[in-house]
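Every chain is numbered from 1, with letters handed out A, B, ... down the list of sequences.
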2 protein chains.
Amino acid sequence: MPKKTIISMAVIKRLPKYYRYLGELLRNDVERISSKELADRIGFTASQIRQDLNNFGDFGQQGYGYNVRFLYEEIGKILGLTRTYNTVIVGAGNIGQAIANYTNFEKLGFHLKGIFDRNPKLIGISIRDIVIQDVDNLENFLKNNHIDIGIICVPKEQAQKIADIFVRCGVKGIWNFAPTDLSVPEDVIVENVHLSESLLTLSYRLNEAELFKGKTGR
Amino acid sequence: MPKKTIISMAVIKRLPKYYRYLGELLRNDVERISSKELADRIGFTASQIRQDLNNFGDFGQQGYGYNVRFLYEEIGKILGLTRTYNTVIVGAGNIGQAIANYTNFEKLGFHLKGIFDRNPKLIGISIRDIVIQDVDNLENFLKNNHIDIGIICVPKEQAQKIADIFVRCGVKGIWNFAPTDLSVPEDVIVENVHLSESLLTLSYRLNEAELFKGKTGR
DNA sequence: TAGATTGTTAATCGATTAACAATC
DNA sequence: TAGATTGTTAATCGATTAACAATC
């Protein structure tokens, strides 16, 4: 029986990883798995896995472990993958096009319904049968189509403006690739993908490693 | 004077954000800033900012705060931005091309030296004056060019194979866009960008309210 | 039944926040 | 000097790990 708890971000961020590993196990026809075995594969502790899962329900069985298919499906439900999501991409530059072309998201139930840009050279071009529209049509499009997730791939200077349009038109989820923080009401969820921050984290760690070169550990 | 401490991942991941905000302040000709003021802008606590910075040195001054330019430069040093990095991209599909075209990384000192793919239709094409080479040349290229960071943009099935080549050729940093976990020796740093995990986190949070609706606590 | 492994409580560890003396 | 704000220690909070009774 699921408990009414506020789940910490730390737990939430591990869920997709569980889902990915269980999906692999499933494809390899593994029927059951213990928290210990899963822990060894993922690199978590068995204790953490059991704690994490027990935030959502009693999915396992003493003496047996977890049924892979069942757990996979349960985590799918938890992640909201039993429904579909309509999305639009704003900004059809490098990243926008890459995301638009990435068909794996379709398989998970994220359906791309529109692509917008302000560059006349891009407007009218199709990506996966979706014609790039003038961003001036965005607001109107959002009023006529229910969109769950707006994907922001514009330069940082324009990101907040696009976010404001999303908010105004009832889009509740924003996947933000612009290197800036957006301000939105609290009922709107923003998930950031800040590539430069990721790269800088890498360069920090590269130099930290250099620093300890020749020494043991780490 | 930097202290010999092991810095936690939580702190490291905040550093690029400090760097970004300080860069903005600098461009807006802000000369000094207190931890309180910076906290209000970023959305951290002043205490946390002071704690974070004091892992690396005494950058502030009582009664004054922090000099924006000085702190910006110091964090740049900490992040390893006083040197340059040679990079290669393996996989010239959607994401690979997007990263290759993203010139902001050049400005930070990350220089793209090569792009590799196995698709004959892509080999020979140029992106930003860099000719896409056959991935069969990768190992040879790495032996003749010092590459600091290898960027993996191939499908997940081939990612580990590419990582192995990187490791074998002395590449110490891997920026991994393939939706899989790589196994590498501990002196090699892997920074993952798992886009589907990010998207699933968003869909979880979009549905979170629904998930616990009507369920009783304990 | 006996062994295995969960769900869950308790202990530990780490990270964040609060407080304040030091000092510019 | 007086006010401001740091650097740093102490207190709190939260997350992870360990332990084990429950039970399949």
> Is A:R83 close enough and on-axis enough to A:Y85, meaning under 6.0 Å and within 45°, for cation-pi?
Replying inline: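 Yes; both conditions hold, so A:R83 lies above the ring face of A:Y85.
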>> Do A:R32 and A:Y66 form a cation-pi contact, if we require the NZ or CZ to be under 6.0 Å from the six-membered ring centre and within 45 degrees of the ring's axis?
In response: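 That pair does not qualify as a cation-pi contact.
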Nearest of [options] to any side-chain atom of [X]?
{"X": "B:S8", "options": "C:dT23, C:dA15, D:dT23", "value": "C:dA15"}
{"X": "A:Y66", "options": "C:dT6, D:dT5, D:dT6", "value": "C:dT6"}
{"X": "A:S35", "options": "C:dT6, C:dT5, D:dT5", "value": "C:dT6"}

Within this structure, what is the [atom1]-to-[atom2] distance between [X] and [N], rounded to whole angstrom?
{"X": "B:D58", "N": "D:dT6", "atom1": "CG", "atom2": "P", "answer": "12 Å"}
{"X": "A:K36", "N": "D:dA18", "atom1": "NZ", "atom2": "P", "answer": "12 Å"}
{"X": "B:I49", "N": "C:dA15", "atom1": "CD1", "atom2": "P", "answer": "18 Å"}
{"X": "A:N67", "N": "C:dT6", "atom1": "CG", "atom2": "C1'", "answer": "15 Å"}
{"X": "B:K13", "N": "C:dA15", "atom1": "NZ", "atom2": "P", "answer": "14 Å"}
{"X": "B:Q61", "N": "D:dG3", "atom1": "CD", "atom2": "C1'", "answer": "15 Å"}
{"X": "A:L71", "N": "C:dT6", "atom1": "CG", "atom2": "P", "answer": "11 Å"}
{"X": "B:L53", "N": "D:dT8", "atom1": "CG", "atom2": "C1'", "answer": "13 Å"}

> Given D:dG7, is OP1 or OP2 found less than 4.0 Å from the side-chain N or O atoms of B:R50?
Replying inline: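 For D:dG7, neither OP1 nor OP2 has a side-chain N or O of B:R50 closer than 4.0 Å.
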> So, is A:R14 near the phosphate of D:dA15, with a side-chain N or O under 4.0 Å from OP1 or OP2?
Replying inline: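 No, A:R14 has no side-chain N/O under 4.0 Å of OP1/OP2 on D:dA15.
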Charged N-O contact under 4.0 Å between [X] and [Y]:
{"X": "A:E74", "Y": "A:K77", "value": "yes"}
{"X": "A:R128", "Y": "A:E106", "value": "yes"}
{"X": "A:D164", "Y": "A:R168", "value": "no"}

>> Once hydrogens and angles are ignored, does a donor-acceptor distance under 3.5 Å link the base of C:dT9 to the side chain of A:Q51?
In response: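 Indeed there is one.
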>> Quick check: do B:F166 and B:V184 have side-chain heavy atoms less than 4.5 Å from each other?
In response: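 When only atoms from C-beta onward are counted, B:V184 and B:F166 do not touch, as no gap falls below 4.5 Å.
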>> So B:T201 and B:L199, do their side chains get closer than 4.5 Å, heavy atoms only?
In response: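 A side-chain contact is absent here, since even the closest heavy-atom pair is not under 4.5 Å.
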> Considering heavy-atom distances to DNA chain D, does A:Q62 or A:V11 have its closest nucleotide positioned more toward the 5' end?
Replying inline: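 The 5'-side residue here is A:V11.
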> When the nearest nucleotide of DNA chain D is assigned to A:D52 and to A:Y64 on a heavy-atom basis, which residue is associated with the more 5' position?
Replying inline: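 Between the two, 5'-proximity favours A:D52.
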> In the strands shown, is D:dT12 matched to any nucleotide by a Watson-Crick or G-U wobble pair with both distances under 3.5 Å, and which?
Replying inline: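 Partner of D:dT12: C:dA15.
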> Is C:dT5 paired to anything, Watson-Crick or G-U wobble with both distances less than 3.5 Å, and if yes, which nucleotide?
Replying inline: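 In the structure as shown, C:dT5 has D:dA22 as its Watson-Crick or wobble partner.
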> Heavy-atom contacts under 4.0 Å between residues 39-48 of chain A and DNA chain D, which residues?
Replying inline: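 Going residue by residue through residues 39-48 of chain A, the ones with a heavy atom under 4.0 Å of DNA chain D turn out to be A:T45, A:S47, A:Q48.
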> According to the interplanar angle, ranging from 0 to 90°, do the rings of B:Y72 and B:Y19 count as parallel (below 30°), tilted (30 to 60°) or perpendicular (above 60°)?
Replying inline: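 The arrangement is parallel - the two ring planes meet at less than 30°.
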